[in-house]
Amino acid sequence: MIKLHDIRKNYRVDNVSVDVLKGIDLEVEQGDFVCILGTSGCGKSTLLNILGLLDEPSSGNYYLNGYNIAEKTNKEKAFIRRTECGFVFQNYNLITDLTVMDNIAVPLGYDGMKKKEREIRAMSLLSKLGMEDLAKKHPNHLSGGEQQRVAILRAISNNPKFLLADEPTGNLDNENTIVVLDLLKELNLEGMTIVMVTHDLEVAKYASRIIRIEDGIIANI
Ligand SMILES: Nc1ncnc2c1ncn2[C@@H]1O[C@H](COP(=O)(O)OP(=O)(O)OP(=O)(O)O)[C@@H](O)[C@H]1O
Ligand SMILES: [Mg+2]
């Protein structure tokens with residue numbers, strides 16, 4: 001499903017080039033639940049953003065479902081993002097003008113689902129995490145952990161083929177961490193391919209496979 005070959009990423013800051021990813025080779029099969037583990041600043045979000053077609057590598061090849069992503073136009077990439085990929089941002093990126101329910105329903109609107117249906121689906125997702133009472137609130141009236149769980153529900157609302165989750169439990173207490181990880185596990189058992197990023201080994205253990213990034217490359221475990 002996902003195949004990365006010699007992916008490199010460097011940033012130029014004040015005329016100095018910083019190599020963040022230094023040759024990542026990675027394959028993720030359909031139905032996998034992979035965790036990318038590594039210390040802060042090692043390039044986890046950079047890699048996940050490339051996987052989610054939100055950023056481009058400086059060099060190397062990314063094949064998704066057999067297609068070379070470098071050959072896709074921006075419009076084609078946007079279509080893939082919308083139809084196949086759910087993304088949980090490390091900083092949530094919820095839309096502040098929309099209620100919780102409407103945030104979760106955003107991806108459902110792409111397929112032209114009717115408003116009433118979208119709301120029913122959003123409420124059923126909220127009930128999975130016992131958060132129905134937050135439906136009409138706006139994100140800036142929620143705690144960080146509540147926003148994080150809403151961001152996860154938004155990412156899964158249209159049943160994406162693959163889910164990319166950047167520190168999805170980074171702001172949650174132990175109890176909610178387990179609730180969210182159980183939900184991810186359930187989605188994976190139903191067939192969703194998941195790539196999750198964390199710096200926490202206990203969280204990583206929920207995945208079927210752990211990949212550690214160290215010094216810009218995949219380290220042997
Ligand atoms: N747009 C950018 N311009 C310059 N440097 C960047 C940019 N984005 C990331 N970096 C640098 O790349 C490195 C990796 O950043 P990244 O966000 O991928 O780390 P991370 O592993 O996700 O860290 P954390 O666990 O803290 O979220 C960092 O040193 C960061 O400063
Ligand atoms: Mg990060």
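All residue numbers in this chain count up from 1 along the given sequence. Note that ligands are numbered from 1 as they come in the structure, with each ligand's atoms numbered from 1 the same way.
For ligand 1, one of its N or O atoms has an N or O atom of G43 under 3.5 Å away.
Not a single N/O/S atom of T46, whether from backbone or side chain, sits less than 2.8 Å from the Mg ion (ligand 2). Put simply, S40 stays out of reach of the Mg ion (ligand 2), with no N, O or S atom under 2.8 Å from it.
A salt bridge is absent between K185 and E190; no separation between the charged side-chain nitrogens and carboxylate oxygens falls under 4.0 Å. The pair K77-E56 meets the salt-bridge criterion, with a side-chain N (NZ, NE, NH1 or NH2) lying under 4.0 Å from an Asp/Glu carboxylate O. Comment: K22 engages D215 in a salt bridge, judged by a side-chain N to carboxylate O separation of less than 4.0 angstrom. The residues K9 and D19 are annotated as not salt-bridged, no charged nitrogen and carboxylate oxygen being separated by less than 4.0 angstrom. A salt bridge does not link K44 to D166: none of the charged side-chain nitrogens sits closer than 4.0 Å to a carboxylate oxygen. In this structure, E117 does not pair ionically with R121, as no charged nitrogen and carboxylate oxygen lie closer than 4.0 Å.
Atom 10 (N) of ligand 1 has Y11 CE1, 3.4 Å as its closest protein atom, hydrogens excluded (heavy atom only). In this structure, the protein non-hydrogen atom closest to atom 17 (O) of ligand 1 is S45 CB, 3.7 Å. Looking only at heavy atoms of the protein, atom 26 (O) of ligand 1 is closest to S40 OG, 2.6 Å. Nearest protein neighbour of atom 25 (O) of ligand 1, counting heavy atoms only, is K44 NZ, 2.7 Å. When only non-hydrogen protein atoms are considered, atom 28 (C) of ligand 1 lies nearest to G41 O, 3.8 Å.
Using a 4.0 Å cutoff on heavy atoms, C42 counts as a contact of ligand 1.
Every atom of ligand 1 with a heavy atom of T46 under 4.0 Å away is listed here by number and element: 14 (C), 15 (O), 16 (P), 18 (O). Counting atoms of ligand 1 from 1 in the listed order, those under 4.0 Å from a heavy atom of V13 are 4 (C). Of all atoms in ligand 1, numbered sequentially from 1 with element shown, those under 4.0 Å from a heavy atom of T39 are 21 (O). Of all atoms in ligand 1, numbered sequentially from 1 with element shown, those under 4.0 Å from a heavy atom of V20 are 12 (O), 13 (C), 14 (C).
Distance check for atom 30 (C) of ligand 1: every protein heavy atom is found at 4.0 Å or beyond.
In this structure, E167 CD and Q148 CD are separated by 8.5 Å, a value rounded to the nearest 0.5 Å.
For the pair K72 and Y67, the cation-pi test (distance below 6.0 Å, angle within 45°) is passed.
Vertex the Mg ion (ligand 2); arms to Q90 OE1 and S45 OG; angle rounded to 10 degrees, 80°.
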Between N171 and Y92, does a side chain to side chain donor-acceptor pair (under 3.5 Å) hold up when you go through it step by step? CA-CA 11 Å; N171 223 336; Y92 325 136; 2.6 Å; yes
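Only side-chain heavy atoms of Q90 come within less than 4.0 Å of ligand 1; its backbone N, CA, C and O stay farther off.
There is no side-chain donor-acceptor pair under 3.5 Å between T193 and Q30.
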